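Have a look at the structure below, then the notes.
This is a predicted model, so every value here is computed, not measured.
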Amino acid sequence: MFENIDKMKREPAGTLPEFERRKFLKLGFVVTGVLAGGGLLSLVSTVEKSFASSGLFLEQYPYKPHYSMVIRQNLCIDCELCVAACNETNQVPSYGYRTTILERTVPHAVGRQTEFIPMLCMQCNDPPCVRACPTRASYKDRKNGIVMMENKKCIGCKACMVACPYNARYFSEEIHAIDKCDFCFVTRLSKGEKLTACSAACPTGARTFGDLADSAGKIYRMIHQLEAQVWTIRPKAGTKPNVFYMKG
């Protein structure tokens, strides 16, 4: 079973002061996946749990395009080229991060005993960070579903940081606001690029980015193949992430 996210070894620099980190530990953020009881979602149930209409949407995939990422966890080699590309593209300071890599070690495993877990904003369909923001600086784009930040509205209260189940946000001293992954929308997608910086830089293909609403696209085919086991991190939080994990 995966250990607590905040107890996993983080490769980049720390992102939160110690008193704030303790808040996350108290909330018990747990990565659930293949070995976590009830955390493994079959291919069909993953899609249904994340995108079922439930009276909110008329279509299975409510956004056009419906940006999503699939991370093939076993292909991550911790080269950190994704982190470097993200930092350079989005001008992330040394103390912050938009994406990071957690390390999980299983001493008694046969063969490979260490695996790496890329983490970023899960671009949730039901984001608690948006609900927690008192000024609506954090919002979900109505067209593509990306969870965005409007810096001028941010008052630095950090309520969204505490609300996020994935520790995916940090306070930027440079812009005096919360910063986070936006799937490189501002720096790349809005300028015509098709991939995020991290997925474009990955040498092993561990990160696949695309439009989940495109039935002819690669990411759609990856999610919908019957042989694959696809899961999300901390599904019991009910956030309905748009970042999926698998092996193979």
Side-chain angles (χ1 to χ4, degrees), residues 5-6 8-27 29 67 69 71 78 80-102 117-124 127-142 144-191 193 195-202 207 209 233-234 237 239 241-243:
I5 286 179
D6 285 287
M8 291 184 180
K9 180 180 178 181
R10 185 188 303 281
E11 295 301 321
T15 61
L16 294 176
E18 186 58 31
F19 77 96
E20 290 177 339
R21 182 172 297 279
R22 287 197 293 270
K23 293 181 182 178
F24 286 98
L25 291 174
K26 290 180 181 178
L27 292 177
F29 295 149
Y67 289 122
M69 183 177 289
I71 296 177
D78 194 31
E80 296 192 10
L81 290 177
C82 57
V83 177
C86 174
N87 291 348
E88 181 178 356
T89 300
N90 299 294
Q91 298 182 336
V92 179
S94 59
Y95 58 84
Y97 75 100
R98 285 190 170 198
T99 187
T100 187
I101 300 174
L102 302 182
I117 308 168
M119 292 287 294
L120 65 162
C121 172
M122 299 294 158
Q123 308 298 346
C124 306
C129 57
V130 172
R131 296 195 302 272
C133 180
T135 64
R136 297 185 180 180
S138 184
Y139 67 97
K140 193 167 177 64
D141 188 278
R142 294 183 178 181
N144 56 43
I146 295 176
V147 178
M148 305 284 287
M149 281 295 303
E150 188 171 346
N151 297 339
K152 292 182 179 180
K153 290 185 178 181
C154 181
I155 58 176
C157 67
K158 303 182 181 179
C160 62
M161 291 174 60
V162 176
C164 174
Y166 310 106
N167 193 11
R169 293 166 170 250
Y170 73 95
F171 181 79
S172 171
E173 297 177 0
E174 282 73 14
I175 62 176
H176 300 285
I178 301 299
D179 190 34
K180 59 173 287 296
C181 166
D182 63 354
F183 273 163
C184 289
F185 181 78
V186 173
T187 54
R188 290 177 62 88
L189 300 185
S190 63
K191 298 179 180 179
E193 295 288 343
L195 299 176
T196 62
C198 62
S199 60
C202 180
R207 300 182 185 228
F209 178 78
I233 292 181
R234 207 184 181 205
T239 62
N242 281 299
V243 176

query = Is a side-chain donor or acceptor of Thr99 paired with a backbone partner of Met119 at a separation under 3.5 angstrom?
reply = yes
ask   = Judged by atom type as modelled, is there a donor-acceptor pair below 3.5 Å linking the side chain of Thr135 to the main-chain atoms of Lys153?
value = yes
ask   = Could you give the distance from NE2 (His176) to SG (Cys154), rounded to the nearest 0.5 Å?
value = 11.0 Å
query = For the atom pair NZ (Lys191) and CG (Leu189), what is the distance rounded to the nearest 0.5 Å?
reply = 11.0 Å
inquiry  = Less than 4.5 Å apart, side chain to side chain, heavy atoms only: is that true for Ile101 and Glu80?
reply    = yes
message = Nearest 0.5 angstrom please: Phe209 CZ to Cys184 SG, how far?
response = 8.0 Å
key: Min side-chain heavy-atom separation Arg188-Thr89 under 4.5 Å   = yes
request  = Answer yes or no: is there a donor N or O on one side and an acceptor on the other, between the side chain of Gln123 and the main chain of Cys181, under 3.5 Å?
outcome  = yes
inquiry  = Using side-chain contact (heavy atoms from CB on, under 4.5 Å), reason through Ile178 and Ser138 one step at a time and then give a plain yes or no.
reply    = CA-CA 9 Å; Ile178 301 299; Ser138 184; over 6 Å; no
key: Whether Tyr95 side chain and Glu173 backbone form a donor-acceptor pair below 3.5 Å   = yes
message = Using modelled atom types and a 3.5 Å cut-off, is there a donor and acceptor pairing between side-chain atoms of Lys180 and backbone atoms of Met161?
response = no
message = Please report the interatomic distance CZ(Phe171) to CG(Asp179), rounded to the nearest 0.5 Å.
response = 10.5 Å
request  = Answer whether the closest heavy-atom distance between the side chains of Glu174 and Gln91 falls below 4.5 Å.
outcome  = no
remark   = Nearest heavy-atom contact between Val130 and Lys140 is CG2-N, 4.2 Å
request  = For Thr196 and Arg207, run side chain to side chain donor-acceptor pair (under 3.5 Å): C-alpha distance rounded to whole Å, both residues' side-chain angles, the deciding distance at 0.1 Å, then the answer.
outcome  = CA-CA 9 Å; Thr196 62; Arg207 300 182 185 228; over 6 Å; no
message = Whether the side chain of Asn90 engages the backbone of Val92 through a donor-acceptor N/O pair (distance < 3.5 Å, no angle test) should be reported.
response = no
Sub-4.5 Å side-chain heavy-atom contact between Val147 and Arg169 = yes
ask   = If you round to the nearest 0.5 Å, how far is CG of Asn87 from SG of Cys82?
value = 9.5 Å
ask   = Judged by atom type as modelled, is there a donor-acceptor pair below 3.5 Å linking the side chain of Asn151 to the main-chain atoms of Ala177?
value = no
task = Mark yes or no for whether Tyr166, through its side chain, and Ile233, through its backbone, hold a donor-acceptor pair below 3.5 Å.
result = yes
ask   = Any side-chain heavy atom of Val186 sitting closer than 4.5 Å to one from Met148?
value = yes
Side chains of Asp182 and Arg98 in contact at under 4.5 Å (non-hydrogen atoms) = yes
remark   = Taken to the nearest 0.5 Å, the spacing of Ile155 CD1 from Cys133 SG works out to 7.5 Å
